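Proteins come first, then strands; the chains are lettered A, B, ... in the order of their sequence lines, and each starts at number 1. Quantities reported herein were computed from a predicted structural model and do not represent experimental measurements. What's counted below: heavy atoms across the whole structure, side chains too, no hydrogens, waters or symmetry copies.
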2 protein chains.
Amino acid sequence: MVTLEQVAARAGVSPSTVSRILNGTATVSELKRAAVDEAIRTLGFRPNPVARGLAGGRTMSIGVVTQRISSPFYGEALSGIEVELESAGYVPLFVSGNWNEADERKAIETLLSRRVDGVIVLAGRLDNRELEALSDSVPMVVVGRQVAGERLFSFSFDNRAGARLATEHLISLGHRRIALLLGDLIHDDAIDRQNGYFDALAAAGIPVEQELIVQSDYTEAGGMLSVSRLMERDVAFSAIFSSNDQMAYGAILGLARRNLRVPDDVSIVGFDDLIMSRYTMPPLSTVRHSVYETGAQAAGAMLSLLRGERPTVQLAAPELVLRESVRRAIR
Amino acid sequence: MVTLEQVAARAGVSPSTVSRILNGTATVSELKRAAVDEAIRTLGFRPNPVARGLAGGRTMSIGVVTQRISSPFYGEALSGIEVELESAGYVPLFVSGNWNEADERKAIETLLSRRVDGVIVLAGRLDNRELEALSDSVPMVVVGRQVAGERLFSFSFDNRAGARLATEHLISLGHRRIALLLGDLIHDDAIDRQNGYFDALAAAGIPVEQELIVQSDYTEAGGMLSVSRLMERDVAFSAIFSSNDQMAYGAILGLARRNLRVPDDVSIVGFDDLIMSRYTMPPLSTVRHSVYETGAQAAGAMLSLLRGERPTVQLAAPELVLRESVRRAIR
DNA sequence: TTGTACGCGTTATCAG
DNA sequence: CTGATAACGCGTACAA
């Protein structure tokens, strides 16, 4: 364990000078800087983040509240966050909220007690007021929500446009009775995706039928269950827009269980373009909006916040990925 | 920010006493203990892990080297680790090694500089010597490898038995020309799974044919490619044992691309029982060995190590999960 | 531009 | 059983 003090001794300067050079806190003469650089290198000195955290209040770690670390959706985002933070010397601290308000609150509590320099929240159940309050004590970036504050930045990709794209695609192929599989409506993105679906129907002059809409939970099991619900309602449909890929996977299986083939009997479009969607049978047509990129942008926004800048995010527009789960409606 | 010192003041005791109560370092009179407990509660005191880390050398955080944080396989394991560690007040620090020796080394470097109390390595490319050396400076648990040391514990689930189970199942249904999709052989688990396949063949008196074995990389894309390889070799087979589920997903698609149906034309068994395997078309028969549980056990082992105990792991035996990707061979 | 001295919140050592 | 006191390694006013 090489300490800053040892570096100072070897370079023949005071510890503060070393610290200054490390943090760029003040200008230092070239001579001493060279000596210190040399000492750092030969001694293999690495500043101790723990001590740094105590002294300077900065731990160089960013808390990330995810809902389920093992989710294929969030996993992608976490990857993006990790890579982006690493480039700036920060380390992410991942904690799971388990789609549960209490757990989420506890997760953030854990992060704060760990003195993270910032918190990134992916979706979640905490209400805006609580997030705003939290942002008084630590800068926050929230993904998939609409909140704002001095040190609170939020953004989403365009869920509504993406959902509209998917629905329009089905309509353009002649489908008029399009079922909608929805996520939990306490999430803004679920609502936005529903609105995109409404937009497309309205533009095509197709009336909304509540019977065709089933609310679920963004899981494969939920997608499968949704198909059951639809069948029980005994309502006709030739296509499904599943507002995320995971539910689409379950739906495909649910349909198969009832001897309905995709796309021959029912067309289906998903949302997210998870990696797995290339390998389902049939490969799933879906809306792409790099989740990885979203994570990276969230991390980037946090870094801006930390530098005292106003973050800006540049997210690519959602894009339709055509694969094989859709065909022209039979008339 | 309530500090230990404030708690001490309010309880009318010295900081040391509060610290002792917090850590159970020494016996304290009931009276003072009660006063301190009360003070802690009313003040809402939470010890500062950063300060703790500096003073006591323990950061209450465990480094976890995973290969790709967004992998469906590792994701499950990370979940198990997170939950198990949390119960003991530890926090995991996840870093990705990207299946790359240099990255992995750098990841561990990062963890050490963060002063983690222990390191859990999931598979990885570092050689045993290096891991042993590392374990001098920090207790380590390695999953999916065979290494040992004073403060170095490793374990794997029984890959060989699982692979044998899968292959035997295929054989029992009359398949004799069984292709094997392999992961990268620099990993012990890939070798073990291959050996399990050999075991089953040997027990049934079926000769090994190198032509039926294709080495790949545990990804969906790799599975798809493997099927192409097999077809190019122009070798007959009626079943595939894919040594992980992800390759099986790709293989199913690859077969479909050549108009081969699962299980009608080719039976296929996977390994890992990822959640997605229930929702593929058809649902995948596979070998279950709770990845989540493996992660939890790894974390548990680390906690034992930290308590100075010798870890023991109790992993359930791998188990065959029968779904719909397999049928009796046509003769 | 540089050094000194102190503080960050805890734990550990040593008296008592 | 309990309380001073000294670290832990670094950042930062303050002084020079």
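Set against C/dT10, C/dG3, D/dA4, the side chain of B/Leu4 has C/dT10 as its closest nucleotide. Distance from the side chain of A/Pro47 is smallest for D/dC10 among the nucleotides C/dT10, C/dT2, D/dC10. You'll find that the side chain of A/Thr25 is closest to D/dT12, out of D/dC10, D/dT12, D/dT2. Relative to the side chain of B/Glu5, the nucleotides C/dT2, D/dC10, C/dT10 differ in distance, and C/dT10 lies closest. Distance from the side chain of B/Thr17 is smallest for D/dT2 among the nucleotides C/dT2, D/dC10, D/dT2. Among the nucleotides D/dG9, C/dT4, D/dG3, the one closest to the side chain of A/Ser14 is C/dT4.
If you check every strand for non-hydrogen atoms under 4.0 Å, B/Ser16 touches a base. Heavy atoms of A/Ser19 sit under 4.0 angstrom from at least one base atom. B/Pro15 comes within contact range of no nucleotide atom at all, as no heavy-atom separation falls under 4.0 Å.
Whole-Å rounding puts the B/Leu31 CG to D/dG3 C1' distance at 17 Å. D/dT12 atom C1' lies 10 Å from atom CG of A/Asn23, rounded to whole Å. Between A/Glu30 atom CD and C/dT2 atom C1' there is a gap of 15 Å when expressed in whole angstrom units. Following rounding to the nearest Å, A/Arg114 (CZ) and C/dG9 (P) show an atom-to-atom distance of 17 Å. Rounded to a whole Å, the CG atom of B/Leu112 is 17 Å from the C1' atom of D/dG9. A straight line from CG of A/Leu22 to P of C/dT2 spans 15 Å, rounded to a whole angstrom. When rounded to the nearest whole Å, the span between CD1 of B/Ile21 and P of C/dT10 equals 14 Å. Nucleotide D/dC8 holds its P atom 20 Å from the CZ atom of B/Arg52, rounded to whole Å.
Within a 6.0 Å sphere centred on CZ of A/Arg125, heavy atoms belonging to other residues, nucleotides or ligands number more than 12.
Under the 4.5 Å side-chain criterion, counting only non-hydrogen atoms from C-beta, A/Arg46 is not in contact with B/Leu112. Between B/Arg52 and B/Leu4 there is no side-chain heavy-atom pair separated by less than 4.5 Å.
A donor and an acceptor atom never sit less than 3.5 Å apart when one is taken from the side chain of A/Arg115 and the other from the base of C/dG9.
Taking side-chain N and O atoms only, A/Asn48 has no distance below 4.0 Å to OP1 or OP2 of D/dC8.
Judged purely by atom type and a 3.5 angstrom limit, A/Glu104 has no side-chain atom pairing as donor or acceptor with the backbone of A/Gly124.
Below 30°, between 30° and 60°, or above 60°: for B/Tyr218 and B/His187 the angle between ring planes is below 30°, a parallel geometry.
Residue-to-nucleotide proximity on DNA chain C shows that, of B/Val2 and A/Arg20, the 5′-proximal contact is made by A/Arg20.
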